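Notes follow the structure.
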There are 2 protein chains.
Amino acid sequence: MSAECSGPPIGALLARSSHAFNAAVGEALAREGMTLRAFLLLEAAAGGPRSQQSLAADIGLDKTTMVAAVDDLVAHGLVERRSAPADRRVRLVTVTGDGDRVRQRCREVVAATEAELLDELGAQGRAELRGLLLRLLHGRLGASGRSGSCV
Amino acid sequence: MSAECSGPPIGALLARSSHAFNAAVGEALAREGMTLRAFLLLEAAAGGPRSQQSLAADIGLDKTTMVAAVDDLVAHGLVERRSAPADRRVRLVTVTGDGDRVRQRCREVVAATEAELLDELGAQGRAELRGLLLRLLHGRLGASGRSGSCV
DNA sequence: TATTGTTATACTCTATAACTATA
DNA sequence: TATAGTTATAGAGTATAACAATA
């Protein structure tokens, strides 16, 4: 038996922290007329033209919900659907110039929001937290099938 | 501008970690015939007989959803509803003997699951992570109205 | 009149099934 | 036959509104 120390379970602390982070980032993005999910999708699409299913698997969405998510970005002119020449069944989601500008601005907004929330930890604390979470995710936590929306 | 270092945003790491934690703990509790939410409610009720609204505010549920949540625990004989003598509008949720036994077992299951997931961090890493998250939650993160289900 | 608990209802989100067009 | 995308539909989960009992 490992000497588990006192205090609330870490899972509860993680849940509260994550929830508060998502709420703060979501509010900041809402002021830009964006959604956290839409931003994540935009980021994923910016990695290069990819099929909707590939994006869906990446973000942890269903292919059916991905349709509406892409529809939304298309309606705002941030991405375009293009038929892939090699396989005309797949629709490559490509980021437009406007989309990239919005994405850059949202990146800054998200980074600023996170920086403010992480301020009390100091540079060293932030690095430690990042390192610990990465170790956690590369351990048993990442081993289990960790698909899921997380959003 | 603070020197924000490289890597994925910490919010994303927190979200993935929290999601994986909840999934693992949820699976472990499911093997005991329990739900994460039901366990949290049972834990809150074990703090002493309290009104449903008080419990709802604590867990971050709506009072209307709390009704069904308590109904579920009552159906399993883990808690009882008793009218408060002082104010007969409120129903005090009290944990039964069976409820307390189930709660103790679930506490052990949750602790064991978390311990396994946190194993790679070592005792020192676990303490560091706990400390960092507590500092985070006592800072700006906890300052904002942080109500919400988190479950 | 205000508040606790409850019910009924509507709304949001997501997944399942069925369809199309390609392969 | 199998796959990418789409649509329609059903389900879970949640919140809003209205009601009962009590203060």
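Only heavy atoms go into these numbers, but all of them, side chains included; no hydrogens, no water, no symmetry mates. Only a predicted model underlies this, so the values are computations on that prediction, with no experimental measurement involved. A, B, ... follow the sequence lines: proteins, then strands. Residue 1 opens every chain.
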A side-chain contact here means heavy atoms from C-beta on lying under 4.5 Å apart; do [X] and [Y] qualify?
X	Y	answer
A/Cys106	A/Leu42	no
B/Leu136	A/Phe21	yes
A/Arg105	A/Met34	no
A/Arg81	A/Gln52	yes

| message | Out of the candidates B/Leu118, B/Leu132, B/Leu133, only one should pair with A/Leu132 under the side-chain contact (heavy atoms from CB on, under 4.5 Å) rule; please name it. | response | B/Leu132
Could you list the protein-to-nucleotides 7-12 of chain C atom pairs, N/O on both sides, closer than 3.5 Å?
none

Expressed in angstrom and rounded to an integer, what is the separation of [X] atom [atom1] from [N] atom [atom2]?
X	N	atom1	atom2	value
B/Arg82	C/dT4	CZ	C1'	19 Å
A/Leu36	C/dC13	CG	P	13 Å
A/Arg91	D/dG5	CZ	P	8 Å
B/Met66	D/dG13	CE	P	15 Å
B/Leu92	C/dT4	CG	C1'	11 Å
B/Leu55	C/dG5	CG	P	9 Å
B/Asp62	D/dG13	CG	P	15 Å
B/Gln52	C/dT6	CD	C1'	9 Å

| Under a single-linkage definition using a 4.5 Å side-chain heavy-atom cutoff for Ile, Leu, Val, Met, Phe, Trp and Tyr, are B/Leu73 and B/Val67 assigned to the same hydrophobic cluster? |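 No, because B/Leu73 and B/Val67 fall into different hydrophobic clusters, even though each may have its own neighbours under 4.5 Å.
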| query | Are A/Leu36 and A/Ile59 linked, directly or through other ILVMFWY residues, by side chains that come within less than 4.5 angstrom of each other? | reply | yes
| Can you check whether A/Val74's main-chain N or O pairs, donor with acceptor, with A/Glu80's side chain at less than 3.5 Å? |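 Looks like no, no N/O pair under 3.5 Å.
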| said: Can you see whether A/Thr96 engages A/Asp98 through a side-chain donor-acceptor pair at a distance of less than 3.5 angstrom? | reply: no
| If you check every side-chain atom of B/Val90, which of D/dT6, D/dA4, C/dG5 has the closest atom? |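 Of the options given, the side chain of B/Val90 lies nearest C/dG5.
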| field | Among D/dT14, D/dA4, C/dT14, the one nearest A/Thr65 by side-chain distance | value |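 For the A/Thr65 side chain, the nearest candidate turns out to be C/dT14.
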Below 3.5 Å between N/O atoms, which protein atoms pair up with nucleotides 19-23 of chain C? Just atom names and distances, please.
residue: C/dA23; atom: OP1; partner: A/Arg88; partner atom: N; Å: 3.2

